[in-house]
Amino acid sequence: MTDQAHTYLDANSAPAGGPAWLDTRRRAARASFVDAGFPNRRVEAWRYTDLVRLLAKTNWVPAEQKSGAVLLPDGCVNPFATIPSWILVFVNGFFRADLSVSSDLPEGVEIVSLDEALAAGTKFEAAFDANGPETIAPITALNAACARDGAVLRVGDGVHLERPVQLVHYTDAEQPIATHTRHVIELGVDASMTLLETQIGWGGAYLADRVSNVTLGERSSLTHLRVEDEGPEAIHLSTVLADVSVSAKYEATTLALGGLGGRLQTAVRFAGEGAHAESNTAYLMRGTQHIDTTIVVDHAVPNCTSAALAKGVLDGEATGVFQGKVIVAPHAQKSDAKQMSNALLLSRDAAMNAKPELEIYADDVQCAHGSTIGEIDGEALFFLRSRGIDEETARRLLIGAFLSDVLELVPHEAAREALEQRAHAWFETSRNGGAVI
Amino acid sequence: MLEIKDLHASVDGTPILKGISLSIGEGEVHAIMGPNGSGKSTLSNVLAGREDYEITSGSITYKDKDLFELAIEERAAAGIFLAFQYPIEIPGVTTMTFLKTAVNAQRKARGEEELDAVRFLKLVREKAALLNVSDDMLRRPLNVGFSGGEKKRAETLQMSLLEPSLAILDETDSGLDIDALKVVADGVNALRTAERSMVVITHYQRLLDYIVPDFVHVLSGGRIVRSGGKELALELEETGYANVGESAA
């Protein structure tokens with residue numbers, strides 16, 4: 001595993017010669033990744049998502065900058081495209097100013113690419129120091145070592161962004177390329193905004209890895225909506241490290257349907273009392289797709305609430321994983337944490353693994369976790385058909401209803417509709433193909 | 001309209017229906033009574049097409065077609081409606097969405113034009129008002145959190161929207177108090193026409209005070225052991241089911 005880690009880093013590490021603070025951290029990240037080895041099934045946190053198996057066969061090379069117009073192929077869609085937003089577009093992991101829209105930003109808001117910010121001398125020491133909990137740390141280290149670009153988004157104190165900001169990531173892989181992107185998102189005191197993210201891609205195999213460092217100031221509020229809809233042979237790793245301060249709110253909903261293999265990692269750490277974090281996921285997988293939702297919530301301080309709901313549909317030979325962990329520190333009384341995983345298996349060959357973990361050191365807390373794995377309710381199907389609804393429509397209605405628990409929680413109406421439409425379009429794509437699109 | 005001949009059906013290899021023959025004409029209301037386990041619900045489920053039952057012999061002809069050739073949804077489009085004893089809860093699907101999907105699915109199957117949102121809303125509001133189904137119920141997920149009476153009213157609303165030729169009411173009285181029962185029975189009676197046939201399945205005679213049948217059949221041990229007019233129901237109320245089978249034998 002160490003050899004593989006070396007080989008990968010030799011080919012894909014970001015070149016040295018950046019700012020000294022960054023070079024130091026990249027070296028440390030490389031050492032840390034090599035030390036732990038490539039995440040694989042022998043490591044408990046990676047038991048169900050073996051990155052060696054998913055990545056080892058391919059000789060990944062760093063993606064290169066692409067210029068010129070980008071024509072999205074059929075079936076490769078940004079579902080949020082019609083929502084008026086400030087848009088940052090990344091092609092093969094690099095920011096494309098010519099395709100982005102970030103003019104007329106209100107005062108107190110800064111949106112630039114990581115590359116630009118670094119060139120301007122801005123330091124992101126804390127972001128590159130944060131590895132997150134052990135479960136997800138190998139990927140944050142890998143990303144720190146390899147990330148070359150990303151978005152820096154800062155919303156100043158008291159600013160409420162009326163329009164969402166969109167980060168659109170498109171990968172076009174003519175050969176097996178790896179992209180590593182690092183976003184830094186900071187909301188000041190009383191700031192609020194909606195962040196929409198889309199991951200789409202086309203071509204052959206590629207690796208799309210992105211890590212977002214989210215820091216929420218007191219009473220700030222971030223609604224974070226993501227569509228993970230990578231190309232059919234893509235491996236995607238998507239990590240959020242959220243630091244949530246006093247009375248701040250982090251509310252995330254992710255719809256995952258693309259890629260061959262993927263892991264969505266979320267680590268929330270409460271940095272102040274009265275904060276709330278919510279991370280919900282809806283996934284639709286078929287063929288030999290694999291999706292892993294891993295969430296770690298650290299109730300490091302008292303009086304915070306957290307919730308995680310993952311609901312998904314697995315058809316064909318698709319596999320799903322839910323790893324949910326809640327940590328409640330000894331003095332973090334009145335913590336309230338809920339985690340739930342519900343999977344709907346549409347085929348006998350689909351499989352789901354759910355692993356809840358609780359580490360609770362305080363006594364006056366409420367923690368609930370649960371997991372269900374089931375199939376479409378035959379009674380409900382019979383009922384709908386007995387009213388004249390054909391079997392396929394009835395199944396779609398029931399699957400849509402199953403996912404609605406997650407999607408109806410999305411507070412942004414236009415985005416909610418976009419997510420629902422994208423989920424619904426899943427049915428229109430091939431039932432037998434290896435993956436979506 | 002419906003012709004059942006020597007119908008035998010099993011569940012998991014256990015015979016439940018053991019030779020049922022029944023003929024239902026246009027506009028007739030037939031009550032099927034019988035003790036628990038006599039095969040009443042099996043008969044209604046076989047008519048609607050539930051797949052857990054194995055038809056071992058016999059035939060059912062509906063409007064001159066072999067009913068067994070039709071899928072569940074095709075039977076519905078052809079006018080068969082089963083009102084469930086225990087209506088299913090469907091979280092995540094609002095009653096309104098469900099009703100519109102069902103009505104338009106049937107219209108499409110029959111080659112009729114689908115109703116747009118405006119026309120559909122008008123139609124539902126009209127029919128819902130007659131059954132005391134509130135806008136709130138229409139907005140809620142189907143049957144979720146509905147009381148027993150609300151569920152049966154929702155079933156009756158479906159029936160009134162789908163306008164079946166043959167309605168099968170499976171123990172519609174179960175779970176209803178007398179007031180709720182009256183509301184549902186009034187709704188059903190309003191749907192009685194010279195063309196529409198009904199099969200009313202019930203354990204108790206009480207329901208038949210409100211939905212008065214033309215014929216009453218007694219089902220016992222998977223066979224119809226007695227048939228008669230509506231007065232047979234009253235007789236059963238007096239004597240119970242215990243002796244019916246013997247007196248027929």
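Computed from heavy atoms alone, side chains included, the values below leave out hydrogens, waters and symmetry copies. Here is how names work: the chains are called A, B, and so on, in the same order as the sequence lines, proteins then strands, and each is numbered from 1.
Within a 6.0 Å sphere centred on CD of E112(B), heavy atoms belonging to other residues, nucleotides or ligands number more than 12. For K355(A), the NZ atom counts as densely surrounded, since its 6.0 Å shell holds more than 12 non-hydrogen atoms of other residues, nucleotides or ligands. Summarising the local packing, NZ of K249(A) is surrounded by 12 or fewer heavy atoms from other residues, nucleotides or ligands at distances under 6.0 Å. Around atom CD of E114(B), more than 12 heavy atoms belonging to other residues, nucleotides or ligands sit under 6.0 Å away.
The closest side-chain heavy-atom distance from L384(A) to I90(B) is below 4.5 Å.
Neither the backbone nor the side chain of A109(B) comes within contact range of chain A, judged by heavy atoms closer than 4.5 Å. The contact between E391(A) and chain B is made by backbone and side chain atoms together, counting heavy-atom distances below 4.5 Å. Interface remark: L403(A) contributes no atoms to any contact with chain B (heavy atom separation under 4.5 Å). Residue D390(A) touches chain B through both its backbone and its side chain, counting heavy-atom pairs closer than 4.5 Å.
Taking the six-membered ring for Trp, F383(A) and F98(B) have ring centres closer than 6.0 Å.
For a heavy-atom cut-off of 4.5 Å, chain A lies close to A71(B), I72(B), E73(B), A76(B), I80(B), F81(B), L82(B) in residues 63-82 of chain B.
Considering CZ of F84(B) and CD of E379(A), their distance stands at 7.5 Å, rounded to 0.5 Å. Between the CD1 atom in I389(A) and the NZ atom in K108(B) there is a gap of 12.0 Å [rounded to 0.5 Å]. The distance from the CG atom of L162(B) to the OG atom of S386(A) is 9.0 Å, given to the nearest 0.5 Å.
Of all heavy-atom pairs spanning A105(B) and G388(A), the tightest one is CB-O, 3.3 Å. The heavy-atom pair separating R387(A) from Q106(B) by the smallest distance is O-NE2, 2.9 Å. Across all their heavy atoms, A401(A) and P91(B) have their closest contact at CB-O, 3.1 Å. Nearest heavy atom pair, residue L397(A) against residue V93(B), reads O-CG2, 3.8 Å. The minimum heavy-atom distance linking G49(B) with F382(A) is given by the pair C-CE1, 3.9 Å.
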Show me the side-chain donor-acceptor pairs of residues 140-151 of chain B shorter than 3.5 Å, one per line, residues at least two apart or across chains.
| residue | atom | partner | partner atom | Å |
| --- | --- | --- | --- | --- |
| R140(B) | NH1 | D136(B) | OD2 | 2.9 |
| R140(B) | NH2 | G145(B) | O | 3.3 |
| N143(B) | ND2 | I88(B) | O | 2.7 |
| S147(B) | OG | E150(B) | N | 3.2 |
| E150(B) | OE1 | S147(B) | N | 2.8 |
| K151(B) | NZ | E89(B) | OE2 | 3.2 |

